[in-house]
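One structure below.
Start at 1 with the first residue, then count along the sequence. As the structure is a prediction and not an experimental result, all values here were calculated from the model.
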Amino acid sequence: KAVVSTQSTGDDDIYTDMEPDIYTDNVLDHTDIVSKDSGFYTEDPDEEDPVIERVRVIYPYAATASDELNLNVGDIVSVHVKNPDGWYEGSIHGVRGLFPGNYSEPTE
């Protein structure tokens, strides 16, 4: 429950002293790294599912399911599959999982 106080300044009210937004709590700290509890860990590259592209992460992403990757801005992810729904299957640091493709851009 947010605590809000207002100051009247004509037609607009200014909201002050608001508690942090609960929806920003899932954004990663940029110092975090991908760990084995994100996605599914794999030691061996999948020869039947080769890397089709490498992308650079442009927005942080906090995994919301066990088969998703935690990503930080600047991470380079090897993409194995581009799904029609816009989600990519990729790997980083030996961890493989899903992530939203629009959170990345192709590397040059």
**Request:** For E105 and V55, run side-chain contact (heavy atoms from CB on, under 4.5 Å): C-alpha distance rounded to whole Å, both residues' side-chain angles, the deciding distance at 0.1 Å, then the answer.
**Result:** CA-CA 5 Å; E105 65 185 7; V55 296; over 6 Å; no
**Prompt:** Going by heavy atoms in the side chains, are S91 and H80 under 4.5 Å from each other?
**Reply:** yes
What are the two closest non-hydrogen atoms of [X] and [Y], and how far apart are they?
X: P60; Y: V73; result: CD-CG2, 3.5 Å
X: S78; Y: R54; result: OG-NE, 3.6 Å
X: I76; Y: I92; result: O-CD1, 3.5 Å
X: R96; Y: L69; result: C-CD2, 3.9 Å
X: R56; Y: T107; result: N-CG2, 3.8 Å

**Request:** Verify, without hydrogens or angle tests, whether D67 (side chain) and G97 (backbone) share a donor-acceptor contact under 3.5 angstrom.
**Result:**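 Flag not set: sc D67 to bb G97 has no pair under 3.5 Å.
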**Any donor-acceptor pair under 3.5 Å from D85 side chain to W87 backbone** =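 Yes: the side chain of D85 pairs with the backbone of W87.
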**Message:** Walk me through whether Y88 and F99 qualify under ring pair (Phe, Tyr, Trp, His ring centres under 6.0 Å).
**Reply:** CA-CA 5 Å; Y88 293 178; F99 66 98; 5.7 Å; yes
**Message:** Applying a strict under-4.5 Å side-chain criterion to I, L, V, M, F, W and Y, I'd like to know whether V95 and V81 cluster together.
**Reply:** no
**Asked** Are I58 and L71 joined in one hydrophobic group, where the rule is that I, L, V, M, F, W and Y side chains link up if heavy atoms are under 4.5 Å apart?
**Response** yes
**Message:** Looking at K82 and E53, is there a salt bridge between them, counting it only when a charged N and a carboxylate O are closer than 4.0 Å?
**Reply:** yes
**Asked** What distance do Y103 atom OH and Y59 atom OH have between them, rounded to the nearest 0.5 Å?
**Response**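 Rounded to the nearest 0.5 Å, the OH-OH separation comes to 9.0 Å.
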**Interatomic distance, N83 atom CG to E89 atom CD [nearest 0.5 angstrom]** =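 The CD atom of E89 is 7.0 Å from CG of N83, to the nearest 0.5 Å.
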